[in-house]
*Asks:* 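So that we are looking at the same thing, I have put the structure below in structure tokens.
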Amino acid sequence: MKRREFIKCIAGVAVTAAFSNSGCSMANPGGNSRSMDRPNIILIMADDLGYGDIGCYGSKIISTPNIDTLARGGMKFTDYHSNCPVCSPTRAALLTGRYQQRCGIEGVVTAAKHRHTGMALEEVTFAEVLKKRGYVTGIFGKWHVGYSVEFNPARQGFDEFRGYVSGNVDFHSHIDQAGFDDWWKNLEKVPEEGYTTDLITKHGIDFIERHKNKPFCLYLPHEAPHYPYQGRNDPPERLPGGKKGKKARGKEIARAYKEMVEVMDKGIGKIVETVKRLGLERKTFIFFCSDNGATKNGSNGALAGFKGSLWEGGHRVPAIAYWPGRINPDTVTSQTTLGMDMFPTMVSMAQAKLPAGLKLDGVDLLGMLTEDRKLPERTLFWRYRKERALRKGPWKLLIQADNVKLYNLDEDLGEKKDLAGARPEMVRELKDELAAWEQEVSAGVELRA
Ligand SMILES: [Ca+2]
């Protein structure tokens, strides 16, 4: 069945076998309250935050005590990846639990060129599935999988939305790259005064307080540290009527970048504080990640490459899971995981059901998070512009235009020693696997961005 023909209905059919191996283990863990059975979910995603940009991943420049506290109290991922090295495709995969190629969101949905396209409404999002399961759903921050109101989060399962639909807004004036006001309240543009990061935090806290008595799913896609590089007290860069304000340059960028991450970190601290104050700490699963690697203005630690490339620095990013009483504190996992795994994981935690016929590409991480179970062996794929990458165990195949490379990431995380010449048979085998995947995910898909 073609995705376009898929009727958006959340019929009651058990979670598909593809990720049920640990999903069904989420039995009642002895609690007798309904909310213990079904945790609240808070999904926080930074924008363009690199593998070396926060304290618990080795940054000596940027101070992130609140995110570091989550890592100490929960599980830190060393091999978590965004589905793409740029924003929109990563978000499409996160929202749908499937490779973004299946919904045709393979590139950035830009304010200038893609005003009338976006992720098809027929795509099923985690918000829709959780809403059907009785969750209140909210998104505060960046959407970026559809610019026109037709593709608004309110049409994809979110009860509440405050934020912007483009790739970035001025942190103060909320004007997008194409010069339009871009600050929404559900289906309408409703301006709001304030620094973007602070507004995202404020709405997140308000949402938790208002919905503390029912299960909720809060998605907080932050703007930091994506450009424009602006701290709380910096002037707007984009002014009404297309006028230009002051733009950060040189050392100002580094100063603003640090502040942007640190303000986000403080906001995350306030979100966690709210959860604790309301007595929801053990009933709430919190996940933090980035949507792609850092640009040259940030740090990807020891990894090669930057945002936009399929070197590890483009898509291996920080991720932390926190859920006191269920996830052991101070744990580190080196299992390979992707953004698209979050959908099945949330479905499993919520004991929700998927619509009939919907098969996700992600796998349920619940058993890994709570019982340190091993994930099933799988091959993972990335495709962006002229680059392709494949991951199988420690092996990574990287194709950039006609240039084919092979790395063993266990021994060579920085991708310095190309083994393609030494292992031609493996290269052939992995290339075949990649070709089969490309054919499978792209069959009958209309490219939307
Ligand atoms: Ca991004």
Side-chain angles (χ1 to χ4, degrees), residues 43-54 57 62 64 67 77 80-96 99-100 105-114 118-119 139-147 153 163-171 174 176-178 182 196-197 200 219-230 253 256-257 260-261 263-265 267-268 287-301 303 305-320 338-340 342 382-385 387 389 449:
L43 188 53
I44 306 169
M45 190 158 72
D47 196 349
D48 293 6
L49 183 85
Y51 200 68
D53 266 340
I54 53 178
Y57 281 80
I62 301 175
T64 53
I67 300 172
F77 295 56
Y80 171 90
H81 300 256
S82 56
N83 268 75
C84 190
V86 295
C87 308
S88 304
T90 286
R91 285 154 210 269
L94 181 80
L95 285 159
T96 63
Y99 282 112
Q100 64 274 15
I105 305 285
E106 289 234 48
V108 174
V109 181
T110 64
K113 290 188 188 159
H114 302 102
M119 193 169 81
I139 166 173
F140 304 104
K142 167 167 163 173
W143 178 237
H144 209 194
V145 289
Y147 205 97
Y164 56 106
V165 298
S166 65
N168 66 88
V169 290
D170 186 289
F171 278 76
H174 310 141
D176 71 23
Q177 241 170 319
D182 187 7
T196 300
T197 309
I200 291 170
Y219 175 34
L220 290 179
H222 268 283
E223 178 165 26
H226 196 295
Y227 70 78
Y229 299 108
Q230 297 170 296
I253 292 178
Y257 191 100
M260 289 157 81
V261 178
V263 171
M264 176 178 67
D265 177 77
I268 291 170
F287 187 74
F288 171 80
C289 65
S290 179
D291 75 328
N292 49 252
T295 64
K296 288 182 180 172
N297 291 314
S299 165
N300 293 317
L303 309 178
F306 296 95
K307 174 183 181 180
S309 89
L310 291 182
W311 294 104
E312 288 294 284
H315 51 90
R316 188 187 289 232
V317 290
I320 295 161
L338 252 76
M340 68 183 183
M342 293 317 297
W382 290 260
R383 179 171 77 188
Y384 180 60
R385 293 188 169 164
E387 297 190 32

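Keep in mind the model is a prediction, meaning the values are calculated, not measured. When a ligand or atom number is given, it counts from 1 through the structure's own listing order.
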*Asks:* If we ignore hydrogens and angles and just use 3.5 Å, is the side chain of N83 paired with the main-chain N or O of M340 as donor and acceptor?
*Replies:* yes

*Asks:* Measure from the ring center of Y80 to the ring center of F288 and say whether it is less than 6.0 Å.
*Replies:* no

*Asks:* Which heavy atom in A256 sits nearest to a heavy atom in Q230, and how many Å separate them?
*Replies:* CB-N, 3.9 Å

*Asks:* Would you please test E387 and W382 for side chain to side chain contact (heavy atoms under 4.5 Å, CB included) and show each step?
*Replies:* CA-CA 8 Å; E387 297 190 32; W382 290 260; over 6 Å; no

*Asks:* What number of protein N, O or S atoms occur at distances under 3.0 Å from the Ca ion (ligand 1)?
*Replies:* 6

*Asks:* With no hydrogens and no angle check, just 3.5 Å: does a side-chain donor-acceptor pair link H144 and S88?
*Replies:* yes

*Asks:* Identify the heavy atoms of N300 and G305 that sit nearest to each other, and give their distance.
*Replies:* ND2-O, 3.0 Å

